[in-house]
Amino acid sequence: MYGTISVTVFPRAYEATAHLWEENTVVIVRGEVQVYRDEASILCNEVERLKAVEEEMNRKQYQVWLTVQLSGSDEVSVSDDKIKVQDMYRSIQERPGRDHYEVFVVNGEWKTRLKPKDNTMHYSPELHDKLESLLGHGMIEAVEIDK
């Protein structure tokens, strides 16, 4: 299921957790699901702040440029480059976030810039190292963005 769902918080639980029920606060609600007239709702037993979301919203944001150096035009080189790009894309997609990236493809004669439709990721030192192992040393440039 997806969409919205009604949550019922009884007075005693609300008093103990009133500071969490503020606008723009993301919480995890645990409780019992009830269905009445084909409408699902939750009877809240427990609530806690989702810290990971707040940490992500407060951390610095990055613009990242990735350079893919094509290795040649023969069949084996093209196949190797495709695998490299697929591995790069998979590594990025496994780490969703608010940082943006663009890809430069170069072959020595020309250079083109690609901006994927969904060009977001969670940039981190671990992702940097992973991408550098795929693309090569010096092929990733990241700049901190002022908010």
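Fair warning: this is a prediction, and the values are worked out from it, not measured in the lab.
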d(Met139 CE, Leu134 CG) to nearest 0.5 Å is 12.0 Å
Quick one: sort the Tyr62 and Tyr123 rings into parallel, tilted or perpendicular, breaks at 30° and 60°. tilted
Answer with yes or no whether the side chains of Trp21 and Thr25 bring together a donor and an acceptor at under 3.5 Å. no
One thing to verify: whether Lys60 and Asp99 come together as a salt bridge, which I'm taking to mean a side-chain N less than 4.0 angstrom from a carboxylate O. no
Donor-acceptor contact present, side-chain Gln61 to main-chain Arg98, <3.5 Å: yes
Side-chain cluster (under 4.5 Å, hydrophobic types only) that Val78 belongs to, other residues: none
Could you grab the distance from atom CD of Glu32 to atom CD of Gln34, nearest 0.5 Å is fine? 6.5 Å
What's the shortest heavy-atom distance between Val64 and Ala142, and which atoms? CG2-CB, 4.0 Å
Of all residues at least two apart in sequence or in a different chain, which pass the side-chain contact (heavy atoms from CB on, under 4.5 Å) check with Val85? Val68, Met88
Taken to the nearest 0.5 Å, the spacing of Thr67 OG1 from Ile140 CD1 works out to 8.0 Å
Linked, directly or transitively: Tyr14 and Val47 (ILVMFWY side chains, under 4.5 Å): yes
Is there any side-chain hydrogen bond (donor to acceptor under 3.5 Å, both in side chains) pair reaching into residues 74-85, and which pairs are they, with sequence neighbours excluded? Ser71-Asp81, Asp74-Ser77
CH2 of Trp110 to CG of Leu70: how many Å apart, nearest 0.5 Å? 5.0 Å
Using the salt bridge (charged side-chain N to carboxylate O under 4.0 Å, His left out) rule, collect all pairs that involve residues 88-97, keeping only residues at least two apart or in two chains. Asp87-Arg90
Any chance you could pull the hydrophobic cluster mates of Phe10, using side-chain heavy atoms under 4.5 angstrom and chaining through other members? Leu43
Which residues satisfy the side chain to side chain donor-acceptor pair (under 3.5 Å) test with Glu126, sequence neighbours excluded? Ser124
Please tell me whether Tyr89 and Trp65 are part of a single hydrophobic cluster in this structure, the criterion being side-chain heavy atoms less than 4.5 Å apart. no
Sequence neighbours excluded, which residues qualify as side chain to side chain donor-acceptor pair (under 3.5 Å) partners of Thr120? Asp118
Shared hydrophobic cluster for Leu135 and Ile83 (ILVMFWY, side-chain gaps under 4.5 Å): no
CZ of Phe104 to CG of Leu66, rounded to nearest 0.5 Å, is 9.5 Å
Which residues satisfy the side chain to side chain donor-acceptor pair (under 3.5 Å) test with Glu48, sequence neighbours excluded? Arg30
Excluding sequence neighbours, so at least two apart, what forms side-chain contact (heavy atoms from CB on, under 4.5 Å) with Arg12? none
Can you list the residues that meet the side-chain contact (heavy atoms from CB on, under 4.5 Å) rule with Tyr36, with sequence neighbours excluded? none
Hey, mind stepping through Ile5 and Ile42 against side chain to side chain contact (heavy atoms under 4.5 Å, CB included) and telling me if it holds? CA-CA 7 Å; Ile5 190 166; Ile42 298 175; 3.9 Å; yes
Considering all heavy atoms of both residues, which atom of Gln93 and which atom of Tyr101 are nearest to each other, and what is their separation? NE2-OH, 4.2 Å
Please list all pairs passing the salt bridge (charged side-chain N to carboxylate O under 4.0 Å, His left out) test where one or both residues lie in residues 104-114, with sequence neighbours left out. Glu102-Arg113
Contacts of type side chain to side chain donor-acceptor pair (under 3.5 Å), residue Ser133, not counting sequence neighbours: none
Do you know the tightest heavy-atom contact between Ser91 and Leu127? O-CD1, 3.9 Å
